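Data first, discussion second: the structure below is written as structure tokens.
First the proteins, then the strands, lettered A, B, ... as listed; each starts at 1. Quantities reported herein were computed from a predicted structural model and do not represent experimental measurements. The figures that follow rest on heavy atoms only: side chains count, while hydrogens, waters and symmetry mates do not.
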Protein chains: 2
Amino acid sequence: MANKSDNPITEAEDRFVTAWGQMGSAWGISRTMAEVHALLYITGDALCTDDIMARLEISRGNASMSLRALVDWGIVLRTHKRGDRKEYFVAEQDIWTMARAIVRERLKREVEPLLASLHEIRDLSSKSGAETEAIEAHNERIENLVAIFELIELLVQRFVSPSGEGLEAAAMLLHQHTGERDAEGESGGAGEARS
Amino acid sequence: MANKSDNPITEAEDRFVTAWGQMGSAWGISRTMAEVHALLYITGDALCTDDIMARLEISRGNASMSLRALVDWGIVLRTHKRGDRKEYFVAEQDIWTMARAIVRERLKREVEPLLASLHEIRDLSSKSGAETEAIEAHNERIENLVAIFELIELLVQRFVSPSGEGLEAAAMLLHQHTGERDAEGESGGAGEARS
DNA sequence: CACGGTTTTCAGTATTTTCTGAAAATAGCC
DNA sequence: GGCTATTTTCAGAAAATACTGAAAACCGTG
């Protein structure tokens, strides 16, 4: 068997794994977790822990923890092959479903706690007896933050969460609404992936 | 002079600094940088390096580097006070301007490089002579990624970047478009902050 | 152009985060 | 239940990241 860079597809996969891993770490996700996801997504295959360990050269523990996290995020699913005791993992292939899961999860983990803090802070601030100009300005700043994050939460919930569909529609709507001036042709829309 | 938690506003400020710092680190921004920004935003004052060092208990070097980064991001501005040699810093107070700056910057730093990689990977992938079903599926996955990130880039550029205004409008549009069903009243919209 | 005040830089250190590897838990099978 | 294959956990190690402090650079002034 030849080198792993024997064909351009494998090379492309590796490059994608690297790029996605970097993106992930810039967004506060562990590089390895993003790489595992990248590998599962780009190959499209059901891989077992050993496949992933081998391809990414990581330990069993790391693979196990990353996979669990990805399953928790809802962008990777566990599967089995008949007659094989091992667990296999597949990435969600529909890119909008994936995007929704990611956005939903980040909302839950980061925006909601922040909003909870902001509400507490607002209560605390309004307890201040005096009503100087400085205090009013402070309160207004808090209000503005609460308002923008509530708006974000609302929008995300509307387009991303419950029923499912909607994000694409919104994207298309905006796309249309602002008028098309893109250079490239409409080759391969992002909404057509198989689920 | 009393304790620093002497009044609820100061307490609220500290809490906000902490919450914003946590949010920042979940999003791949250094905690301190986010805290410095939080402090400048929430106080609304022009503070000098020493003020910030004292309030956040950080070193001069750290303060200097964080401030520079914030200025680079375009969400903090340098100012001066007449008859004072020191530099002072103020946070952008308009929350939409701030949001636009942040989104724009992240697009530039993280989405654009990813897209560049994806384009290279696409070229690489298409070099594969053979056209098996597996290869076609691989190419389609890459196309889907390119499409979704190009859409994101386009939307962000449209609403966030050049002319300036637009994000609020979009938000309001969507807000309207999906029909209002929020429990709370419309107290204090996020768009009214002074610049 | 020398001086005091101010800011920046950066080598070294501290802290945080991530990863490993082996032991413990779990799960299917006979 | 006992046996083996597989997965999970987690204490400690390694790597990455952030922070400090002091020296160097900068900058307006006399």
Tabulate protein N/O versus nucleotide N/O from nucleotides 24-30 of chain C, keeping only pairs under 3.5 Å, one per line.
unit_1	atom_1	unit_2	atom_2	d
C:dG28	N2	A:Arg85	NH2	3.0
C:dG28	N3	A:Arg85	NH2	2.5

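For the pair A:Asp50 CG and D:dT7 P, the computed distance is 7 Å after rounding to whole Å. Protein atom CD1 of A:Ile58 is 7 Å distant from nucleotide atom P of C:dT20, rounded to whole Å. Rounding to whole angstrom units, CG of residue A:Leu56 and P of C:dT20 are separated by 10 Å. Computed from coordinates, the B:Ile52 CD1 to C:dT6 P distance equals 15 Å when rounded to whole Å. Going from atom CD of B:Glu35 over to atom C1' of D:dA18 covers 12 Å, rounded to whole Å. Between the C1' atom of D:dT8 and the CZ atom of A:Phe89 lies a distance of 11 Å, rounded to the nearest Å. Between B:Leu67 atom CG and D:dC19 atom P there is a gap of 13 Å when expressed in whole angstrom units. Separating the NE2 atom of B:His80 from the P atom of C:dG5 is a distance of 18 Å, rounded to the nearest angstrom.
Ring geometry, A:His37 versus A:Trp20: the interplanar angle falls from 30° to 60°, so the pair is classed tilted.
Side-chain N/O atoms of A:Thr32 include one lying less than 4.0 angstrom from OP1 or OP2 on C:dC19. The phosphate of D:dT8 has OP1 or OP2 within less than 4.0 Å of a side-chain N or O from A:Ser64.
Both A:Asn62 and A:Asp84 lie near DNA chain D, and the one whose nearest nucleotide falls closer to the 5' end is A:Asp84. Place B:Met65 and A:Met65 on DNA chain C by their nearest nucleotides, and B:Met65 ends up nearer the 5' end. Mapped onto DNA chain D by nearest heavy atom, B:Arg60 and A:Lys86 fall at different nucleotides, with A:Lys86 at the one closer to the 5' end. Between B:Tyr88 and A:Ser66, the residue anchored nearer the 5' end of DNA chain C, judged by the nucleotide with its closest heavy atom, is B:Tyr88.
Here the closest non-hydrogen pair linking A:Lys81 and A:Ala46 is NZ-O, 4.3 Å. Between A:Leu107 and A:Pro113, the shortest heavy-atom contact is O-CD, 4.5 Å.
Ranking C:dC19, D:dC19, D:dT6 by closeness to the B:Arg31 side chain, first place goes to D:dC19. The side chain of A:Glu87 sits closest to D:dT8 out of D:dT8, C:dC19, D:dT20.
B:Arg141 has its side chain out of reach of A:Phe16: every pair of non-hydrogen atoms, C-beta onward, lies at least 4.5 Å apart. Contact of the B:Phe89 side chain with the B:Arg78 side chain is registered, since non-hydrogen atoms from C-beta on lie closer than 4.5 Å. For the pair B:Arg55/B:Thr43, a side-chain contact is recorded, criterion being any heavy-atom separation below 4.5 Å from C-beta on. For the pair B:Glu92/B:Ile102, no side-chain contact is recorded, criterion being any heavy-atom separation below 4.5 Å from C-beta on.
Taking a 6.0 Å sphere around CD of A:Glu131, one finds it holds more than 12 heavy atoms contributed by other residues, nucleotides or ligands.
Counting non-hydrogen atoms under 4.0 angstrom, A:Ser30 reaches the backbone sugars and phosphates but no base.
One hydrophobic cluster, built from ILVMFWY side chains closer than 4.5 Å, cannot hold both B:Leu124 and A:Tyr41; they sit in different ones. Note on B:Leu155 and A:Ile148: same hydrophobic cluster, where clusters join Ile, Leu, Val, Met, Phe, Trp and Tyr whose side-chain heavy atoms are under 4.5 Å apart, directly or indirectly. Connection of A:Ile9 to A:Ile42 is not established within any shared hydrophobic cluster, with ILVMFWY side chains joined at heavy-atom distances below 4.5 Å, either directly or through further cluster members. Residues A:Val156 and A:Leu118 share a hydrophobic cluster, clusters being chains of Ile/Leu/Val/Met/Phe/Trp/Tyr side chains in contact below 4.5 Å.
Of the residues in residues 17-29 of chain A, not one comes within less than 4.0 Å of DNA chain C through any heavy atom. For the segment residues 68-78 of chain B, residues with any heavy atom less than 4.0 angstrom from an atom of DNA chain C are, sorted by number, B:Arg68, B:Arg78.
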Please list every donor-acceptor pair under 3.5 Å in which a side-chain atom of residues 58-77 of chain B meets a protein atom from a residue at least two apart or in another chain.
unit_1	atom_1	unit_2	atom_2	d
B:Ser59	OG	B:Asn62	N	3.1
B:Arg60	NH2	B:Asp50	OD2	3.0
B:Ser66	OG	B:Asn62	O	3.0

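Within the structure, every pair that satisfies the salt bridge (charged side-chain N to carboxylate O under 4.0 Å, His left out) test and touches residues 24-40 of chain B, not counting sequence neighbours, is listed here: B:Arg31-B:Glu35.
Without hydrogens or angle criteria, B:Asp51 side chain to B:Cys48 main chain gives a donor-acceptor distance under 3.5 Å.
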Secondary-structure string, 5' to 3', Watson-Crick or G-U under 3.5 Å, | for another-strand partners, for DNA chain D: ||||||||||||||||||||||||||||||
